[in-house]
Each structure stands twice: as structure tokens, then as C-alpha cells.
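To start, the structure itself, in C-alpha cells.
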Amino acid sequence: MHGHGEYKVPGGKLVVADVAIAAGRMVEVALSGDFFLEPDTALAAINAALHGQSSGLEQAALTGIIERALPPGTRMFGVNAEGFAVAVRRAIDAGEGA
């Protein structure tokens with residue numbers, strides 16, 4: 001199943017998450033939006049860290065996974081780890097509710 005979630009970070013930018021779920025795991029995660037990350041590899045690191053994780057994880061757990069995935073010195077503009085986690089959780093919920 002596939003889910004799509006969006007979240008507008010208060011005072012920040014839009015985060016979009018598209019998540020494919022199989023056997024209770026995130027098998028495909030694609031985050032996008034109008035935010036900026038430095039280094040450019042940070043977004044790929046977040047997507048990779050979420051791949052294979054349980055679709056049952058709460059927002060706080062997702063936030064922790066995202067924070068730990070960030071390369072040292074990552075700078076985020078218009079977004080934060082919690083914003084990514086909210087969008088991912090919304091995508092999961094949308095996919096499971098479909």
C-alpha cells in the first residue's frame with residue numbers, strides 16, 4: 001500500500017512524504033518539499049534511514065531515527081526532524097486507511 005502525507009512546518013516550509021508499505025515495513029520513502037538541506041546528501045540519508053522501519057512507529061520514534069540519520073553539520077532551512085516525522089506518519093496513516 002502507498003500513502004501520501006503533507007505537513008506545513010509552523011513558520012517554515014511544506015514537507016511531503018510518499019511512503020510504500022509492505023508487511024508492516026516502509027519499503028519506499030520519498031521526502032520532498034520546498035525546504036533546503038545542507039549537505040545535499042542529508043535527504044538521501046533520511047530516506048535511507050526510514051527504509052525498512054516499522055510502519056507502526058510513533059512520531060517521536062520517527063523523529064529520533066531522522067535526527068540520528070543526519071550527517072554531521074547538517075543545516076536545515078524551513079524544516080526540522082519533527083516536521084519530516086509528522087509528514088511520514090501522515091503518509092503511513094493515509095496508506096493504512098486506504
Side-chain angles (χ1 to χ4, degrees):
M1 74 184 81
H2 289 78
H4 176 85
E6 298 182 359
Y7 179 67
K8 171 81 168 66
V9 176
K13 303 292 185 174
L14 179 69
V15 179
V16 177
D18 289 294
V19 178
I21 302 164
R25 299 270 172 204
M26 291 183 269
V27 295
E28 205 173 303
V29 180
L31 293 166
S32 61
D34 59 357
F35 54 85
F36 296 95
L37 297 176
E38 290 179 357
D40 292 339
T41 57
L43 190 58
I46 295 169
N47 288 334
L50 292 170
H51 180 85
Q53 297 289 336
S54 170
S55 63
L57 291 173
E58 297 294 327
Q59 180 182 317
L62 292 168
T63 299
I65 290 166
I66 292 165
E67 288 172 342
R68 289 187 296 277
L70 295 172
T74 296
R75 295 177 30 178
M76 297 191 235
F77 304 94
V79 70
N80 55 35
E82 184 177 6
F84 286 123
V86 171
V88 169
R89 187 68 250 166
R90 287 181 177 179
I92 293 168
D93 292 343
E96 291 177 342

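- For Gln59, the CD atom is densely surrounded, since the number of other residues' heavy atoms within 6.0 Å is greater than 12.
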Inset, instruction - Determine, stepwise, if the pair Val19 / His4 fulfils side chain to side chain contact (heavy atoms under 4.5 Å, CB included). - result: CA-CA 6 Å; Val19 178; His4 176 85; over 6 Å; no

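- By the 4.5 Å heavy-atom criterion applied to side chains, Val86 and Val9 are not counted as neighbours.
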Inset, instruction - Please step through side chain to side chain contact (heavy atoms under 4.5 Å, CB included) for the pair Phe35 and Val15, ending with a clear verdict. - result: CA-CA 7 Å; Phe35 54 85; Val15 179; 4.2 Å; yes

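- A 4.5 Å side-chain heavy-atom check between Val27 and Ile21 finds every atom pair outside the cut-off.
- Of the candidates Gln53, Glu67, Arg89, Leu62 forms a side chain to side chain contact (heavy atoms under 4.5 Å, CB included) with just one, namely Arg89.
- Within the 4.5 Å cutoff, the side chain of Val88 has heavy atoms near those of the Met26 side chain.
- Here the side chains of Arg75 and Phe36 are not in contact, with every heavy-atom distance at 4.5 Å or above.
- Looking at Val16 and Asp18, their side chains come closer than 4.5 Å, going by heavy atoms from C-beta outward.
- Smallest separation of non-hydrogen atoms from Ala45 and Pro71: CB-CD, 4.3 Å.
- To the nearest 0.5 Å, atoms OG1 (Thr63) and CG (Leu57) are separated by 10.5 Å.
- Taken to the nearest 0.5 Å, the CZ atom of Phe84 stands 6.0 Å off from the CG atom of Leu43.
- Atoms CD1 and CD1, from Ile66 and Ile46 in turn, are 6.0 Å apart once rounded to the nearest 0.5 Å.
- To the nearest 0.5 Å, atoms NE2 (His2) and CD1 (Ile92) are separated by 13.0 Å.
- What you find for Tyr7 and Arg90 is that their closest heavy atoms are CD1-NH1, 3.6 Å.
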Inset, instruction - Carefully, step by step, assess Glu96 and Ser55 under the rule side chain to side chain donor-acceptor pair (under 3.5 Å). - result: CA-CA 9 Å; Glu96 291 177 342; Ser55 63; 3.1 Å; yes

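- Residues Leu14 and Met76 fall into different hydrophobic clusters, defined by Ile, Leu, Val, Met, Phe, Trp and Tyr side chains chained together at heavy-atom separations under 4.5 Å.
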Inset, instruction - May I have the step-by-step check of side chain to side chain contact (heavy atoms under 4.5 Å, CB included) for Leu70 and Leu37, ending in yes or no? - result: CA-CA 10 Å; Leu70 295 172; Leu37 297 176; 5.7 Å; no

